[in-house]
Amino acid sequence: MPGKSFYGLNALNQDSEKRRIPVTPMKDTIKIMILSAARDAHEKGILPSRDFPEVFLETPKIEAHGDFSTNFALISASVQKMSPKKIAEAVVDRLEDVRNWIESVEVAGPGFINFHLHPSAWHHVLEAVHTQGKRYGAVDLGKGRRIQVEYVSSNPTGPLHVGHGRGAAVGDSVANILSFCGYDVQKEYYINDSGRQIETLGRSVFLRLKALLGDTEPFPKECYQGGYIRDLAREILELKGRGMALGPEAEGITFCARYAAGKITEGMREDLVRFGVTFDRWFSEQSLYDAKKVDRTLSELKARDVVYEKDGALWFRTSAYGDEKDRVVVRNGGQPTYFASDIAYHRDKFERGFEKVIDVWGADHHGYIPRMEAAVEALGNARGRFKVILVQLVNLLRGGLPVAMSTRAGEFVTLREVIDEVGKDAARFLFLTRHHESPLDFDLDLAKKQSNENPVYYVQYVHARISSILKVGKERGIEDASFSEETASLLLAHEEIQLLKALSTYPDVIRQGAVFMEPHRVTFYLMDLASLFHAYYNKHRVLTDDPALTHARVSLILAIKEVIQNGLFLLGVSAPEKM
RNA sequence: GCGCCCGUAGCUCAGUGGAUAGAGCGCCGGACUACGAAUCCGUAGGCCACAGGUUCAAAUCCUGUCGGGCGUACCA
């Protein structure tokens with residue numbers, strides 16, 4: 001116990017030590033200032049209650065309201081039974097500006113406390129970015145805890161289309177952000193390589209195969225219509241000869257199903273690699289059956305007494321866990337439903353030791369969420385350990401007009417085609433320019449445009465531009481761009497302070513992106529930062545006649561480059577040196 | 001019918017209860033003999049769908065209404 005307080009004193013008293021730990025974001029430091037001022041006011045008997053709310057510090061939209069502002073006094077009013085203004089004044093009177101950051105503090109409006117900081121306060125941000133480098137913004141939320149993100153998981157019955165691309169972009173970026181924030185993340189793809197759909201796939205290919213040999217039987221509507229089915233049939237014909245089509249149907253279908261599913265899965269894997277998405281594991285549904293895990297799951301459900309028989313089928317009492325009705329897990333006839341294997345799959349995930357399990361689903365599956373949550377809970381896992389991220393659909397446009405897509409007719413624009421046409425970077429970035437639950441118009445023509453209409457290049461251009469400046473700088477003999485307190489203090493232009501402020505909020509953006517699992521926050525942040533940089537660039541020269549100022553500015557743009565690169569990486573987008 | 005998501009500038013969208021609601025695009029007018037003009041600067045544009053409620057404070061939370069999307073299978 002004595003050690004603890006000693007440590008605290010020690011850390012506060014040594015000025016030089018203090019300077020070496022600018023790692024604490026500015027906001028936290030100011031929050032602590034406010035709290036200790038409030039405590040002090042309480043001890044002096046000015047504030048009656050010692051029950052203080054959490055301090056929210058925000059950056060006001062209006063510059064006249066300061067660099068930071070807090071509603072602390074307002075939300076304390078009811079507890080303290082005092083007017084917000086009086087509380088605010090009591091706090092302001094006792095603020096101890098240990099780091100000498102504060103230029104002025106004022107009580108404004110109904111009781112806001114507004115902080116105006118010295119420009120020098122912001123220079124520490126630059127130090128933080130330089131010392132932390134690639135780790136800048138990496139708030140440790142996960143502390144090494146294991147989390148799994150499962151995404152795409154498209155059935156191997158046809159190629160990936162644009163909608164899957166959005167799911168891939170969102171899932172992959174969420175996984176990246178969580179990983180950056182200290183979680184031990186596993187990226188997984190679930191392959192539905194079993195059941196009725198796969199049988200239909202096999203039948204489709206088998207029938208096309210027979211047709212190749214002159215069979216005139218009409219092709220059923222419920223079969224997969226796409227041209228890729230014929231291609232697969234041709235491959236099989238080449239591989240196995242005519243015997244396959246003429247032999248027993250059941251065997252033919254089974255072979256075709258397995259062959260087609262394997263081929264299609266392989267194709268999806270290749271498309272995803274081109275898209276910059278790689279998984280740690282591809283998990284086969286069939287493997288659950290092979291390992292008897294579906295059976296064992298059903299036994300466990302029986303043991304837990306959450307299933308019952310009715311009309312010859314086995315029902316899961318999901319309604320007892322918030323679902324609107326009970327669901328069948330084994331059909332009349334003994335066939336397990338997909339729900340059964342999904343339960344087994346999620347049981348397996350938790351058995352593998354993940355503390356949290358995230359599924360990224362298309363919005364058309366949202367009706368499935370309550371039953372899956374019910375299942376997870378019925379198996380003894382706390383509700384919060386399972387989360388579904390819903391991704392809304394994508395409307396594909398070309399020049400503002402919708403591109404006709406019909407999955408059933410087999411006419412759709414594949415993800416592969418989109419990547420080939422607009423490029424991986426543009427596609428991934430644009431998929432992340434919306435909240436994932438908001439529908440997205442994806443315009444192929446716009447995605448290709450190398451103009452201000454296309455935000456990808458706007459952000460990447462910052463990186464290329466800075467790289468270019470650094471190159472020129474190097475030619476002029478500027479080698480050292482490391483942080484230095486003396487030169488950093490020369491960064492006093494309004495645009496420079498704005499950039500430093502923007503850099504200081506990056507950790508917050510990342511934290512929110514991780515907590516809410518919303519990568520679009522990073523996208524928007526990057527566009528804002530890019531905008532500030534471009535404005536700065538057009539107004540000020542980085543490479544000047546003044547060596548000290550040049551050094552300061554080079555170290556500033558280096559920090560911007562670092563953050564841009566880092567943010568783009570989290571989105572799965574490259575940061576080019578040249579464009 | 002019931003459930004979920006959405007309704008914010010002409011268009012596409014941000015906005016975890018805070019002060020005067022923000023971007024981009026589009027329109028119009030400007031800025032390169034200097035580090036990359038894929039850039040920048042300047043105007044204009046709003047009953048945050050509507051009506052109540054909660055509170056010091058609501059685009060944000062609650063209830064209802066209207067409009068759009070999706071779901072509501074012994075399909076996935």
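First the proteins, then the strands, lettered A, B, ... as listed; each starts at 1. Remember, predicted model here, so these are calculated numbers, not experimental data. All values below come from the heavy atoms of this structure, side chains included, with hydrogens, waters and symmetry mates left out.
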Asks: Taking atom P in both B:rA59 and B:rG15, compute the distance separating them and give it to the nearest angstrom.
Replies: 16 Å
Asks: For B:rC61 and B:rU43, measure between their P atoms and round to the nearest Å.
Replies: 33 Å
Asks: Starting at CD of A:Glu577 and ending at P of B:rC35, how long is that distance when rounded to a whole Å?
Replies: 19 Å
Asks: Answer yes or no for A:Arg465 and A:Tyr537: cation-pi contact, defined as NZ/CZ to six-membered ring centre under 6.0 Å and angle to ring axis within 45°.
Replies: yes
Asks: Using atom C1' of each nucleotide, how far apart are B:rC13 and B:rG7 to the nearest Å?
Replies: 12 Å
Asks: Quickly work out the A:Gln512 CD to B:rA14 C1' distance and round it to whole Å.
Replies: 13 Å
Asks: Say you pick atom C1' in B:rU12 and the same atom in B:rG30; how far apart are they, in whole Å?
Replies: 26 Å
Asks: Indicate, with a heavy-atom threshold strictly under 4.0 Å, whether A:Asp311 touches base, sugar-phosphate, or nothing.
Replies: base
Asks: Under the 5.5 Å and 30° test, is A:Phe112 stacked on the base of B:rA19?
Replies: yes
Asks: Give the B/S/- string for nucleotides 55-62 of chain B, one per nucleotide from 5' to 3', where a protein heavy atom under 4.0 Å of the base yields B, of only the sugar-phosphate yields S, and otherwise -.
Replies: -B------
Asks: Just checking, any donor-acceptor pair under 3.5 angstrom between side chains of A:Asn192 and A:Gln197?
Replies: no
Asks: Please determine if a side-chain N or O atom of A:Arg196 lies less than 4.0 Å away from the OP1 or OP2 oxygen of B:rC74.
Replies: no
Asks: Does the B:rA19 base have a donor-acceptor partner in the side chain of A:Asn114 within less than 3.5 Å?
Replies: yes
Asks: Who pairs with A:Arg166 by salt bridge (charged side-chain N to carboxylate O under 4.0 Å, His left out), at least two apart in sequence or on another chain?
Replies: none
Asks: Between A:His435 (NE2) and B:rU16 (C1'), how many Å, whole number?
Replies: 11 Å
Asks: What are the residues of residues 534-544 of chain A, sorted by number, that bring a heavy atom to within less than 4.0 Å of RNA chain B?
Replies: A:His534, A:Ala535, A:Tyr537, A:Asn538, A:His540, A:Arg541, A:Val542, A:Leu543
Asks: Under 3.5 Å, is there a donor on one side chain and an acceptor on the other for A:Tyr190 and A:Asp359?
Replies: no
Asks: Using the P atom in both, what is the distance from B:rG46 to B:rC5, to the nearest Å?
Replies: 31 Å
Asks: Using the criterion of both pairing distances under 3.5 Å for Watson-Crick and G-U wobble pairs, give all stems of 3 or more consecutive pairs involving RNA chain B.
Replies: B:1-7 with B:66-72, B:10-13 with B:22-25, B:28-31 with B:39-42, B:49-53 with B:61-65
Asks: Determine which pairs satisfy salt bridge (Lys or Arg N to Asp or Glu O under 4.0 Å) with at least one residue from residues 503-526 of chain A, sequence neighbours left out, and list them in order.
Replies: A:Lys27-A:Asp508, A:Asp508-A:Arg511, A:Glu518-A:Arg521
Asks: Decide whether A:Glu496 and A:Tyr536 meet the rule of one side-chain donor and one side-chain acceptor closer than 3.5 Å.
Replies: yes
Asks: If you restrict it to nitrogen or oxygen atoms, what contacts under 3.5 Å exist between nucleotides 8-12 of chain B and the protein, and what is each distance?
Replies:
| unit_1 | atom_1 | unit_2 | atom_2 | d |
| --- | --- | --- | --- | --- |
| B:rU12 | O2' | A:Arg434 | NH2 | 2.1 |

Asks: Under the salt bridge (charged side-chain N to carboxylate O under 4.0 Å, His left out) rule, collect the residues that match up with A:Arg371, sequence neighbours excluded.
Replies: none
Asks: Indicate syn or anti for B:rC28, taking the glycosidic torsion and treating anything within 90° of 0 as syn.
Replies: anti
Asks: Is a side-chain donor-acceptor pair under 3.5 Å present for A:Glu562 with A:Tyr506?
Replies: no
Asks: Ignoring hydrogens and angles, does a donor from either the side chain of A:Ser531 or the base of B:rA23 sit under 3.5 Å from an acceptor on the other?
Replies: no
Asks: Just to be sure I understand the rule, does A:Ser83 reach a base, reach only the sugar-phosphate, or reach nothing, if contact means heavy atoms closer than 4.0 Å?
Replies: nothing
Asks: For B:rU16, does OP1 or OP2 lie under 4.0 Å from any side-chain N or O of A:Arg521?
Replies: yes
Asks: Between A:Thr433 and A:Phe516, which is nearer to the 5' end of RNA chain B once each is assigned its nearest nucleotide?
Replies: A:Thr433
Asks: Look only at the side chain of A:Arg383 and the backbone of A:Glu377, and say whether a donor-acceptor pair between them is shorter than 3.5 Å.
Replies: no
Asks: What's the closest nucleotide to the A:Pro60 side chain, out of B:rA19, B:rG36, B:rG15?
Replies: B:rA19
Asks: Nearest to the side chain of A:Ser468, heavy atoms from C-beta on, is which of B:rA19, B:rA14, B:rG36?
Replies: B:rG36
Asks: Using the P atom as the point on both nucleotides, what is the distance between B:rU16 and B:rU60, in whole Å?
Replies: 12 Å
Asks: Rounded to whole Å, how long is the line connecting atom CG of A:Leu432 with atom C1' of B:rC13?
Replies: 14 Å
Asks: Which residues satisfy the salt bridge (charged side-chain N to carboxylate O under 4.0 Å, His left out) test with A:Arg203, sequence neighbours excluded?
Replies: A:Glu199, A:Glu249
Asks: Which pair of heavy atoms, one from A:Ser173 and one from A:Pro519, lies closest together, and at what distance?
Replies: OG-CB, 3.3 Å
Asks: Any idea which of B:rA19, B:rC74, B:rA14 is nearest the A:Asn332 side chain?
Replies: B:rC74
Asks: Just to verify, what does A:Thr550 make a side chain to side chain donor-acceptor pair (under 3.5 Å) with, not counting sequence neighbours?
Replies: A:Thr544
Asks: Quick one: which of A:Glu188, A:Lys293, A:Glu285 gives a side-chain hydrogen bond (donor to acceptor under 3.5 Å, both in side chains) with A:Tyr345?
Replies: A:Glu188
Asks: Over 60° means perpendicular and under 30° means parallel, so tell me whether A:Trp282 and A:Tyr189 are parallel, tilted or perpendicular.
Replies: parallel
Asks: Specify the separation, in whole Å, of atom CD of A:Glu58 and atom P of B:rU16.
Replies: 11 Å
Asks: Any donor and acceptor pair, going by atom type alone, linking the side chain of A:Gln225 with main-chain N or O of A:Pro220 inside 3.5 Å?
Replies: yes
Asks: Between A:Phe524 and A:Phe339, just flag the one whose closest nucleotide in RNA chain B comes earlier from the 5' side.
Replies: A:Phe524
Asks: Choosing from B:rU39, B:rA14, B:rC35, which nucleotide comes nearest the side chain of A:Tyr461?
Replies: B:rU39
Asks: At under 4.0 Å between heavy atoms, how does the protein contact nucleotides 67-73 of chain B? Give one character per nucleotide, 5' to 3', with B, S or -.
Replies: ---BSSS
Asks: Quick one: closest heavy-atom pair of A:Ala73 and A:Ile87, and the distance?
Replies: O-CD1, 3.8 Å
Asks: For residues A:Ala502 and A:Tyr525, report the shortest heavy-atom separation together with the two atoms involved.
Replies: O-OH, 2.7 Å
Asks: With sequence neighbours excluded, what pairs up with A:Lys561 under the salt bridge (charged side-chain N to carboxylate O under 4.0 Å, His left out) test?
Replies: A:Glu577
Asks: How far does the P atom of B:rG71 sit from the matching atom of B:rC62, given to the nearest Å?
Replies: 25 Å
Asks: How long is the line joining CD1 of A:Ile510 and P of B:rU16, in whole Å?
Replies: 16 Å
Asks: Taking only residues two or more places apart in sequence, or in another chain, which ones meet A:Asn71 in a side chain to side chain contact (heavy atoms under 4.5 Å, CB included)?
Replies: A:Phe56, A:Leu74, A:Ile75, A:Phe112
Asks: If we take the P atom in both B:rG1 and B:rC47, what is their distance in whole Å?
Replies: 31 Å
Asks: Given atom CZ of A:Phe68 and atom P of B:rG18, what is their separation to the nearest angstrom?
Replies: 17 Å
Asks: A:Tyr458 has an atom OH; how far is it from atom P of B:rC40, in whole Å?
Replies: 4 Å
